[in-house]
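Take a look at the structure below.
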Amino acid sequence: MTDNNTKKTFHSIDPEQLPKHFDTQAAEQRLEADWEAKGIHHYDPSRGRDETFVVDTPPPTVSGSLHVGHIFSYTHTDVVVRQQRMRGKNIFYPLGWDDNGLPTERRVQNFFNVRVDVKVPYEPNLELVESSSADAKKPPRILSRPNFIDACHRVTSEDEKVFKALWRRIGLSVDWNQEYATIDHKSRTLAQLSFLDLLDKGHVCSVTAPTMWDVDFQTAVAQAEVEDRNQVGAFHDLQFAVEGSDETFTIATTRPELLAACVGVTAHPDDARFKPLFGKRAITPLFRVPVPIFPSELADPEKGTGILMVCTFGDQTDVTWWREQKLKLRQIIGRNGRLLPVTFNGVTSNEGWESLDPERAQKFYDGLVGKNVNQAKTAVVEMLRQVEGAAREGLGAPLLAEPKKIERPVKFFEKGDRPLEFISTRQWFVRLIDKKQDLLDYGARIDWHPTHMGSRFRNWTENLQLDWCISRQRYFGVQFPVWYRLDAEGNPLHDEPIFATKQMLPVDPTVDVAPGFTADQRDVPGGFTAETDVFDTWFTSSLTPQIASGWLLDPVRHASLFPADIRPQSHEIIRTWAFYTIAKSMLHEAKIPWAHVLISGWILDPDRKKMSKSKGNVVTPLHLIEAHGADAVRYWAAGARLGADTAFKEDVFKVGKRLVTKLYNAGKYVLSQSAEVHPITNELDRAFIDRLRALVSTATKSFEDFEFAPALDATERFFWSSFTDTYLELVKARARGEAGGDEADRGSAVAALRLGLNVLLRLFAPVLPFITDEVWRWAFADETGKASIHQAAWPTIEELSAIELPSNEGSFDLAEKAWFTINKKKSELGASVGRPLTKLVLAMNPATAKVFAKIQTEIVTATRTHSFESIERESIEAGEFEIDEIEVEPKEKKEG
RNA sequence: GGGCGGGUAGCUCAGUUGGUUAGAGCACUGGCCUUACAAGCCGGGGGUCACAGGUUCGAGACCUGUUCCGCCCACCA
């Protein structure tokens, strides 16, 4: 096909050999497999840190449902990564799976209809079958913890396959050699090492204290996992008596069920109404328990009745008062959220359940034992409504008015269904409250994209109230490497924990034996027992940079991969994932974990609500890829700026698909032009390349700030408007040799077209990896020696610098203007762009005419004008054209 | 209550350090089968830039206030 006998010609393709339409599905699978086979996504450990670009990829929760939101944010990262790769960076782009934690437990419980009891013995070779909907009503099968964990592994490994298939389908250029899971051997080892390191450094402690507790999951939770939900409640006005007087006062409470847990009464110190009461004792209704009345700045005179009861514990403020006033502990809510049995004693007792009338108190309280909070509330209110003389003989019923409905925020575990309770339990904490300023400083050293997301971090850190509770009373997670000595009665000595040595890790204290003990000493008096708590999942996932680098397990590798370059994530987990990762990195190594944080927005449904499984508005991604192709879906994702929430509009996928088609066709056309190899010398061609230089500069600059969306926008606009609609149309005839120009002009046109396509393909490659590589391989792979576009270099101004600048920088604009002016006229005349003109007289300013002379041939040729004349006229503005005369060639009559 | 972001065409959004007549895509609409592409091309209509002040020769952009929407946070009796 090509004639190499005398002169070199461009390697052109035969368009007839290509399918009419681009088969996205087939090409995607073929190309992705080829990338994998070539290993072009692999990290090269031999290259230095400054040549390496390290990504701290979010490990997706595999037990969650896949939706377009996943594709959205992961595509953002991939676009950034692909551009960095083209810039010559050695890419470290791992992917982990977040499989431990509550979502997995919940999924596994439902999947097999099972529950856990730590007392059940392990059954080797246990067979589990997926439960049917009919099984859901059957009582769940009770498993040992190890069997349950096996089941978790089984389910998550299946889930991971589904995720991985989708990631490959969408073309994520992840190095699959770097795959990990947050529950795997290495992650467990590093999480436990992290714990021991924090312990060595004195940042970890174990204390018994009131902690936020979810009564359904029956675990402690951290402040970061708590959210406020507005709930309707009611103020109950209750009459309290004052000890040793006839006085009474009224408190307002939304939690009358906690009356038995009342340990004090407080009002604002300046509140004249209650000043005389301070220092006296109040008598609670029903239970007749005397409690101190004390002043507190925290009490708001405007709220309720201005005086309130302090319980153990209704909320965080109760905890504060309890601590400050050294009040008694009357814990009536148990870990399962039901009221615990207690025994009331006389006032001389000091066990916390002193009543002026213990018998009567007991009678009331026994009616509440075992009830949940709501049931207890109903029961107590009924008693308060009916019982005369409840706080002191002679008083009426303590409920002074019908409860008044109010709506107020109530704390919930973000995954929970019932309000959190404060329950005094023993938990492990990482001390952070005393390090707020350091955390703020570290956060300020990180570049947040967009910048205002840094204020989310600041905001959260400044308002931090509690140390980080890292222990969870759950099963599928990383265990604490901790045991306790048992005393002679078999009680664990929590003040004397035994820690695993670093060499032992990872350990499962319920299986592995504490150092210095033998297996037969487990759970016997004088022996040892395991800490059964597991880490907060964030305790492990806040180590993702270290898990990927190997950290203490591989210090050399760690040094070359830590800190990372970017941390992509979404904004709702700034207070958890980002915050804890910064905290860990600071505490372990006094370093920031990454230079940049890239925040992706949310996907909103057309009603602008966040897409989430619970709202039932989730769009699954697979059908979108099948319908529009992976590139089109990526195009949609890459169109959103960092941090901006984006409405899900299926229209955008169609636009993306159209762009892919256009690239296919334009590539087919450009590469099918054959001509002798020639330098780019023609004025218009040089003017076009000059425009291209500006585009390369703009796109590159955007990518420096990881702003792929403006880069894509500029590239797309240029491709569509300047390249295909203008330049390509203007040089078509010349490239085909129809213009009657010489071979140099023709070669110049083909060379410029090919260079334009080549550069544009590379500018699109990070966003549209499939179609760009497809077209690349038709000719440019051989030409450049880069088999895949993803091995080619990102375009630079320098590589275009060999092409001479146009003699006038306005040449391209002028050609464009003339082209549009003439086309507009043709359109008005009802003629197609392709219709030849028998005559055209174009008038312009003399200054314009000078520039126009250089490109006149291109315009005349492109508009197929037989007889052309240009006229100079001072009255016309520079850069404008007026059509003095135009004659459209009559339509040829169809033959036959 | 505190903090952050936003309000630009019917819809989704660009709009650089203030600078001609405010842009794109979609949608709507007229024309065109034109040798890469009808999954296309050439045209057209459509905006009091949330509101009110201010700074300036000049404001969509800067300042102040108001208002609406969204998000994050807050001790929730």
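Chain identifiers are assigned alphabetically (A, B, ...) following the order of the sequence lines, protein sequences preceding nucleic acid strands; residue numbering begins at 1 within each chain. No hydrogens, no waters, no symmetry mates; every other heavy atom, side chains included, goes into these values.
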(message) Measuring from the side chain of A:Ser832 (C-beta onward, heavy atoms only), which nucleotide among B:A77, B:U34, B:C75 has the closest atom?
(response) B:U34
(request) Inspect the contact between A:Lys668 and A:Glu16 and indicate whether a charged nitrogen and a carboxylate oxygen are less than 4.0 angstrom apart. (result) no
(request) Please report, rounded to the nearest Å, how far the P atom of B:U35 is from the CG atom of A:Asp14. (result) 18 Å
(request) Determine, for nucleotides 37-43 of chain B in 5'-to-3' order, which nucleotides have protein heavy atoms under 4.0 Å from the base (write B), from only the sugar-phosphate (write S), or from neither (write -). (result) BSBSSBS
(message) Regarding A:Asn459, tell me which of base, sugar-phosphate or nothing describes its non-hydrogen contacts under 4.0 Å with the strands shown.
(response) base
(request) Determine the contact category for A:Ala666: base if any of its heavy atoms lies under 4.0 Å from a base atom, sugar-phosphate if only primed atoms, P, OP1 or OP2 are that close, otherwise nothing. (result) base
(message) Please report the distance, rounded to the nearest Å, between CG in A:Asn463 and P in B:G3.
(response) 11 Å
(request) Give the rounded distance in Å between these two atoms: NZ of A:Lys649 and P of B:A27. (result) 9 Å
(request) Would you kindly give the CE-to-P distance between A:Met453 and B:C72, to the nearest whole Å? (result) 11 Å
(message) Categorize A:Ile573 for me: base, sugar-phosphate, or nothing, with a 4.0 angstrom heavy-atom threshold over every strand shown.
(response) nothing
(message) Looking at B:A74, I'd like to know if its phosphate oxygens (OP1 or OP2) sit under 4.0 Å from a side-chain N or O belonging to A:Gln223.
(response) yes
(message) Quick check for you: among B:A77, B:A74, B:C72, whose closest atom lies nearest to any side-chain atom of A:Asp315?
(response) B:A77
(message) Counting the atoms with a prime plus P, OP1 and OP2 as sugar-phosphate, which does A:Ile251 contact under 4.0 Å by heavy atoms, base, sugar-phosphate, or nothing?
(response) nothing
(request) Answer yes when A:Lys657 and A:Asp631 have at least one side-chain N-carboxylate O distance shorter than 4.0 Å, and no when they do not. (result) no
(message) Under a 4.0 Å threshold between the charged nitrogen and the carboxylate oxygen, would A:Glu227 count as salt-bridged to A:Arg229?
(response) yes
(request) Classify the nucleic acid contact of A:Phe235 as base, sugar-phosphate or nothing, counting any heavy atom under 4.0 Å across all strands shown. (result) sugar-phosphate
(message) I want to know whether A:Phe723 and A:Phe688 have ring centres closer than 6.0 Å.
(response) yes
(request) In whole angstrom, give me the gap between the C1' atoms of B:A24 and B:G46. (result) 14 Å
(request) For this output row, return yes or no: ring centroids of A:Trp602 and A:His571 closer than 6.0 angstrom. (result) yes
(request) Whenever both distances are under 3.5 Å in a Watson-Crick or G-U wobble pair, mark it; put RNA chain B into dot-bracket that way, with [ ] for crossing pairs and | when the partner is on another strand. (result) (((((((..((((.....[...)))).(((((.......))))).....(((((..]....))))))))))))....
(request) Check every strand shown and say whether A:Ala299 touches a base, only sugar-phosphate, or nothing at a heavy-atom separation below 4.0 Å. (result) base
(request) Between B:G10 and B:C71, how far apart are the C1' atoms? Round to whole Å, please. (result) 27 Å
(message) The side chain of A:His452 is closest to which nucleotide in this list: B:C4, B:C32, B:G23?
(response) B:C4
(message) Below 30° counts as parallel, above 60° as perpendicular, anything between as tilted: where do the rings of A:Trp460 and A:Phe579 land?
(response) perpendicular
(message) If the threshold is 4.0 Å, N to carboxylate O, is there a salt bridge linking A:Glu889 and A:Arg835?
(response) no
(message) Please report whether the ring centroid of A:Phe719 lies less than 6.0 Å from that of A:Phe764.
(response) yes
(request) Using atom CZ of A:Phe718 as one end and atom C1' of B:G23 as the other, report the distance to the nearest whole Å. (result) 18 Å
(request) For A:Leu420 and B:A74, give me the distance from atom CG to atom P, rounded to whole Å. (result) 13 Å
(request) Answer yes or no: does a side-chain N or O of A:Arg458 lie under 4.0 Å from OP1 or OP2 of B:G3? (result) no
(message) If you take the centroid of each ring, where Trp contributes its six-membered ring, are A:Tyr669 and A:Tyr664 closer together than 6.0 Å?
(response) no
(message) Should the side chain of A:Asp645 and the base of B:G5 be counted as holding a donor-acceptor pair, with the cut-off at 3.5 Å?
(response) no
(request) Give a yes/no answer on whether the side chain of A:Arg575 brings an N or O atom under 4.0 Å of OP1 or OP2 in B:G3. (result) no
(request) Kindly say whether the aromatic ring centers of A:Phe313 and A:Trp322 come within a distance under 6.0 Å. (result) yes
